Enquirer: 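Here it is: the structure, laid out below.
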Amino acid sequence: MSDDAPTYGFDTLQVHAGSRPDPATGARQTPIYQSTAYVFRDAEHAAALFNLQEVGFIYSRLTNPTVAVLQERIATLEGGVGAVCCSSGHAAQIMALFPLMGPGRNVVASTRLYGGTVTQFGQTIKRFGWSATFVDTDDLDAVRAAIDDDTRALFCESIANPGGYITDIDAMAKIAQEAGIPLIVDNTSATPYLCRPFEHGASLIVHSTTKYLTGNGTVTGGCVVDSGTFDWSASDKFPSLSAPEPAYHGLKFHETFGPLAYTFHGIAIGLRDLGMTMNPQAAHYTLLGIETLSLRMERHVANARKVAKWLEDDPRVESVTYAGLPSSPYYSRIEKICPRGAGALFTFAIKGGYEACVKLVDAVEIFSHVANLGDTRSLIIHSASTTHRQLTEDQQKAAGAAPNMVRLSIGIEDADDLIADLDQALSKATA
Ligand SMILES: *Cc1c(COP(=O)(O)O)cnc(C)c1O
């Protein structure tokens, strides 16, 4: 598609955005540019590239043509101005915070987050002198109170994994705006097909492309997407973007690149110095996956609704926390935040507690017992004994991963087969 293309629908963009037939060969599918470096036309060209006066390929730690297509595709689907792909979702989270933070600075984050993010923010980022303050994002006064002079970002998930929780992104964005800091939304569980955080006021989005965007459980990856709307120069809070950046011979990113400042910083400093680069093979698998994103998400959501409803009506089940069920306290947020559905991840509690949960994951046949989500295959995990094991019981409950709960990631198989599998496994688990 040409750059001045009219605005196309989501289904068209997920197939075409960012890609054109290969100019060298005419190859229609995006080639895997398995090359570490790119030949400069001449010394002047090389100098212009290194000065960021001209955009082009230098070295694949920074940019790669296959990865660039994926970056443009994800940015387009999210409605952002730019994106930087990384080696994993967790890498993307560090990359997202990196231009904003510094020693003594903090991020205010929702308690309802992916377990690995709670550990990364609660423990590991302290090694950089950063810290996180966790708050219940349904308590807006608590969110406001948690923000102090050293806060540099507010962080939440759109559809929070694994507790069947939908964040009121508009309310979070308003608080972030009042505080003069960006709202970062992890949109992994929703994908841009179900939720578009920028339309609700978010400034930045992170993804684990490992999940639904790739969709087939093949490669890890992550992405940071910039809306291009945050004014980095409105205060002196973000010197890496607004003031001369010592790590790039005093370049002022915001003044020089305007709305693309954050994306350029992510490549020129973030990828250059942290090196959490996505490789072109991974980008290839993710590009293949994204072509069918809307089709898969529709089936994921339809199956999740059926399975969740069946579980809710089953006497062996204590509760189901799927925001797509009218019984969910977050059902009313769907229309505003994710009108095409509440995703395909949810938890349910079974009678018989921890022991019955462990038996259940051993008894399923179609569902795979794995620490992953967002695959075409249906997946099951007992979070309390695996992904959320490092957390205290209070943290587990806050994250929606109590010991008597099992998490499902509903795939795109026949819903009736998934229900039959859970039926037989529940019989064994609660016998
Ligand atoms: C998986 C996941 C991550 C971490 O992504 P990786 O690709 O595994 O590093 C972050 N957030 C959410 C919501 C996830 O599901």
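Computed from a predicted model, the values in this text were never measured in an experiment. In each ligand, atom 1 is the first atom listed, and ligand 1 is the first ligand listed.
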Enquirer: Between S327 and E312, does any side-chain donor sit less than 3.5 Å from a side-chain acceptor?
Expert: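 Yes, a side-chain donor-acceptor pair sits under 3.5 Å.
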
Enquirer: What part of T220, side chain from CB on, backbone N/CA/C/O, both or neither, has a heavy atom under 4.0 Å from ligand 1?
Expert: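 For T220, no heavy atom sits under 4.0 Å from ligand 1.
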
Enquirer: Can you see whether N106 engages D148 through a side-chain donor-acceptor pair at a distance of less than 3.5 angstrom?
Expert: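 Per modelled atom types, N106 and D148 side chains form a pair under 3.5 Å.
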
Enquirer: Any chance the rings of Y33 and H284 have centres within less than 6.0 Å?
Expert: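 Here the rings of H284 and Y33 have centres that are no less than 6.0 Å from each other.
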
Enquirer: For ligand 1, which part of V206 has a heavy atom less than 4.0 Å away: the side chain, the backbone, both, or neither?
Expert: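 Looking at V206 and ligand 1, no heavy atom falls under 4.0 Å.
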
Enquirer: Relative to atom 15 (O) of ligand 1, which among E157, K211, Q93 owns the nearest non-hydrogen atom?
Expert: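 Among E157, K211, Q93, the closest heavy atom to atom 15 (O) of ligand 1 belongs to K211.
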
Enquirer: Quick one: do the T376 and N216 side chains pair a donor with an acceptor below 3.5 Å?
Expert: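 Checked: T376/N216 side chains show no N/O donor-acceptor pair below 3.5 Å.
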
Enquirer: Taking only non-hydrogen atoms of G221, do any sit less than 4.0 angstrom from ligand 1?
Expert: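 Contact check G221 vs ligand 1: positive.
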
Enquirer: So, F348 versus Y322, ring centres under 6.0 angstrom or not?
Expert: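 Not under 6.0 Å, so no.
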
Enquirer: Looking at the rings of F253 and F264, which for Trp means the six-membered one, are their centres under 6.0 Å apart?
Expert: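 No - the distance between ring centres of F253 and F264 does not fall below the 6.0 Å cut-off.
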
Enquirer: Which residue supplies the protein heavy atom nearest to atom 9 (O) of ligand 1, what is that atom called, and how far is it?
Expert: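 Minimum-distance protein heavy atom for atom 9 (O) of ligand 1 reads H90 N, 2.9 Å.
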
Enquirer: Looking only at protein heavy atoms, identify the closest one to atom 12 (C) of ligand 1 and say how far it is in Å.
Expert: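 Among all protein heavy atoms, the one nearest atom 12 (C) of ligand 1 is D186 OD2, 3.4 Å.
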
Enquirer: Should S189 be counted as touching ligand 1, given the test is an N or O pair under 3.5 Å?
Expert: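 Looking only at distances, the answer is no, because the N/O contact criterion of under 3.5 Å is not met.
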
Enquirer: Quick one: nearest non-hydrogen protein atom to atom 6 (P) of ligand 1, plus distance?
Expert: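 Scanning the protein heavy atoms, the shortest distance from atom 6 (P) of ligand 1 goes to G89 N, 3.3 Å.
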
